Participant: 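Can you read through this structure? Questions will come right after.
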There are 2 protein chains.
Amino acid sequence: MYATGEEETVADAEYVNIWMRPERPARGPKPVYSRAQITEAAIRIADAEGLEAATMRRIAAEIGAGAMSLYRYVPSRDNLVELMADRLMGEIDVTGLPSGDWRADLTRYADGLRAMWLRHPWIATVQRSLPSFGPNQLLLIERLMGVLDVFVSIDENLGLMAMLNGYIEGTVREEISSAEEFRRSGLSEPEWMARSYPYIDGLVKSGKYPIFTKIVMEARQPHLSRDDQFRYGLQRVLDCIAAALPATARDN
Amino acid sequence: MYATGEEETVADAEYVNIWMRPERPARGPKPVYSRAQITEAAIRIADAEGLEAATMRRIAAEIGAGAMSLYRYVPSRDNLVELMADRLMGEIDVTGLPSGDWRADLTRYADGLRAMWLRHPWIATVQRSLPSFGPNQLLLIERLMGVLDVFVSIDENLGLMAMLNGYIEGTVREEISSAEEFRRSGLSEPEWMARSYPYIDGLVKSGKYPIFTKIVMEARQPHLSRDDQFRYGLQRVLDCIAAALPATARDN
DNA sequence: CTCCACTGGGTACGTTGTACGCGGTTGCGG
DNA sequence: CCGCAACCGCGTACAACGTACCCAGTGGAG
């Protein structure tokens with residue numbers, strides 16, 4: 001980002017993504033570290049202190065290396081983040097999919113994806129995780145899209161998965177951002193509520209926002225567990241998917 | 001982020017969000033600039049060159065001010081981004097909502113939201129836009145949630161809107177990130193395809209990824225216009241919403 | 001008029017990603 | 001077995017970032 005390097009060697013430009021660039025060369029001394037080790041360390045830091053805390057110097061310190069050593073393994077920090085994102089995809093357990101029960105399969109996937117995001121909230125700040133096609137993501141695509149592959153065309157499958165993933169990511173993003181709100185402000189939830197009260201109260205009292213007032217005063221959903229909110233919405237999405245399947249597949 | 005300022009004045013800490021902090025003080029000389037003007041300039045830069053290009057110095061230069069002058073109007077860059085996000089909410093035209101035709105209303109909203117995101121792709125990199133409650137966002141909530149308010153409980157309404165927004169944002173995020181891919185690499189689409197070919201081809205030829213292969217070889221959707229893809233999926237989501245409404249409301 | 005809360009803005013600091021180059025190590029070609 | 005090119009880890013250096021701090025000027029309240 002800071003670099004102005006217009007000139008790039010042809011060899012470097014050849015690789016349009018990280019996965020095309022070989023990790024290990026043939027000759028020379030044995031590397032002390034590895035991409036996997038660096039990625040792991042970076043994830044550990046990001047989990048504990050956020051993605052922005054995972055600076056190159058900090059990661060290097062974590063594994064006991066010098067700052068610039070990391071560039072022997074990874075071309076740039078952006079690429080490292082890409083490696084991290086793909087590593088996370090591997091955490092979603094999709095062994096045994098498709099099992100024959102599409103509804104159970106998609107529920108397991110949804111729960112797994114959500115749990116992974118909640119374990120690593122910083123993933124929400126990473127864009128461009130989709131068109132990267134790392135090994136773990138590829139495996140996930142195989143398993144997940146295999147679930148509906150026998151019922152619908154590949155195009156329809158893509159559309160339905162977009163809807164499912166959209167719901168999951170959208171919901172979890174909201175969970176994460178409200179949790180982030182507390183962390184950033186350094187306030188506890190009741191303390192934050194107390195601080196926000198004058199603003200919220202002013203809006204309510206103004207009388208100009210009846211629906212917002214209704215949300216504040218009447219809604220029980222914000223008081224339900226996040227898990228229940230998620231499950232409820234997920235059932236709706238699965239119902240929608242069911243409607244798109246041929247009648248014979250719909251029941252289980 | 002770089003500042004270590006543990007000590008903060010009590011007055012500053014009082015304001016838990018930007019909207020509670022007054023823009024103009026009572027006394028002293030008339031300010032030359034304004035929050036609105038700064039926000040506008042920042043959006044202009046972010047649109048043209050991405051959010052990361054909208055640095056404090058660059059924004060200040062855009063309006064002809066010194067770098068530090070901006071801090072007279074905005075406490076931090078993060079807060080400025082919050083202002084920018086809310087300004088964008090104001091671009092979604094929801095006048096006349098609810099009109100009585102919920103399906104038309106939600107379609108208009110969905111198209112408006114998507115168009116706004118595509119005009120300002122950097123919004124995808126901003127988290128925490130939801131719990132901020134800026135003036136434009138509040139107005140949007142009123143209009144949008146008013147559409148289904150007469151049919152369903154406020155809780156159900158929140159759930160359905162989460163699903164709708166999740167679909168829209170998820171879809172548009174994918175559009176944006178693939179466009180970003182080209183911009184970042186500085187390659188045209190066919191050029192990028194050509195560069196990626198060895199990698200994709202290797203995956204296909206390995207025979208280990210039948211579904212991925214199917215996507216590459218058979219899927220027509222990637223060749224459809226993005227608009228059509230979006231419309232198709234949106235109809236599915238609206239069908240799903242229809243199923244959650246009381247029978248009397250379902251038809252129009 | 002005086003006062004001082006406010007203005008715009010210059011300077012400076014700490015932190016970031018990473019280009020560059022050094023001296024040491026390794027494994028292959030002869 | 002030897003030489004050397006290719007690779008290693010890493011120290012230094014630089015440009016750009018957000019922003020703390022400070023200062024001289026300004027204009028409404030007393």
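Computed from a prediction, not measured in an experiment: that's the story for all the values here. Numbered from 1 within each chain, the chains take letters A, B, ... in sequence-line order.
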Participant: Nearest nucleotide by nearest heavy atom, which residue falls closer to the 5' end of DNA chain C, B/Val32 or A/Pro75?
Facilitator: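 Result: B/Val32.
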Participant: Rounded to the nearest angstrom, tell me the gap between atom CZ in B/Arg58 and atom C1' in D/dA15.
Facilitator: 17 Å
Participant: Would you mind reading off the distance between A/Glu52 atom CD and C/dG17 atom P, rounded to a whole angstrom?
Facilitator: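 Between P of C/dG17 and CD of A/Glu52: 11 Å.
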Participant: A/Arg57 or A/Arg72: which one's nearest nucleotide on DNA chain D is closer to the 5' end?
Facilitator: A/Arg72
Participant: What does B/Ala60 touch in the nucleic acid at a heavy-atom separation under 4.0 angstrom: a base, only the sugar-phosphate, or nothing?
Facilitator: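 Nothing: the residue B/Ala60, judged by heavy atoms under 4.0 Å, touches no strand.
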Participant: Using 30° and 60° as the class boundaries, would you call the ring planes of A/Phe212 and B/Phe133 parallel, tilted or perpendicular?
Facilitator: perpendicular
Participant: May I have the distance from A/Leu80 (atom CG) to C/dT16 (atom P), rounded to whole angstrom?
Facilitator: 15 Å
Participant: How long is the line joining CE of B/Met56 and P of C/dT11, in whole Å?
Facilitator: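 Between P of C/dT11 and CE of B/Met56: 19 Å.
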Participant: Can you tell me the distance, in whole Å, between the CZ atom of A/Arg21 and the P atom of D/dC7?
Facilitator: 13 Å
Participant: What class does the angle between the rings of A/Tyr33 and A/Tyr73 fall in, given that below 30° is parallel, 30 to 60° is tilted and above 60° is perpendicular?
Facilitator: perpendicular
Participant: Once you apply a heavy-atom cut-off of 4.0 Å, does B/Ser69 come out as touching a base, just sugar-phosphate, or nothing?
Facilitator: base
Participant: If only side-chain N and O atoms of A/Tyr71 are considered, is one of them under 4.0 Å from the OP1 or OP2 phosphate oxygen of D/dG11?
Facilitator: no
Participant: Between D/dG9 atom C1' and A/Tyr73 atom OH, what is the distance in whole Å?
Facilitator: 8 Å
Participant: Begin from the C-alpha positions of A/Tyr109 and A/Leu164 and carry the test side-chain contact (heavy atoms from CB on, under 4.5 Å) through to its verdict.
Facilitator: CA-CA 10 Å; A/Tyr109 163 73; A/Leu164 177 63; 4.1 Å; yes
Participant: When you get a sec, tell me which of D/dC10, C/dG9, D/dC17 is the closest nucleotide to the side chain of B/Tyr33?
Facilitator: C/dG9
Participant: Return yes if a side-chain donor-acceptor contact under 3.5 Å exists between B/Asp78 and B/Ser76, otherwise no.
Facilitator: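 Per modelled atom types, B/Asp78 and B/Ser76 side chains form no pair under 3.5 Å.
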Participant: Measure the distance from CZ on B/Arg77 to P on D/dA16 and round it to the nearest whole Å.
Facilitator: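 In whole Å, D/dA16 P and B/Arg77 CZ are 16 Å from each other.
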Participant: Using the salt bridge (charged side-chain N to carboxylate O under 4.0 Å, His left out) rule, take B/Glu49 and B/Arg58 through it: C-alpha gap first, then chi angles, then the decisive distance, then the call.
Facilitator: CA-CA 11 Å; B/Glu49 304 166 47; B/Arg58 184 93 166 63; 2.4 Å; yes
Participant: What is the distance, rounded to the nearest whole Å, between atom CE of A/Met68 and atom C1' of D/dC7?
Facilitator: 16 Å
Participant: May I ask you to say what B/Ala67 touches in the nucleic acid, namely base, sugar-phosphate or nothing, with a heavy-atom cut-off under 4.0 Å?
Facilitator: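 Answer is nothing: B/Ala67 stays at 4.0 Å or more from every strand.
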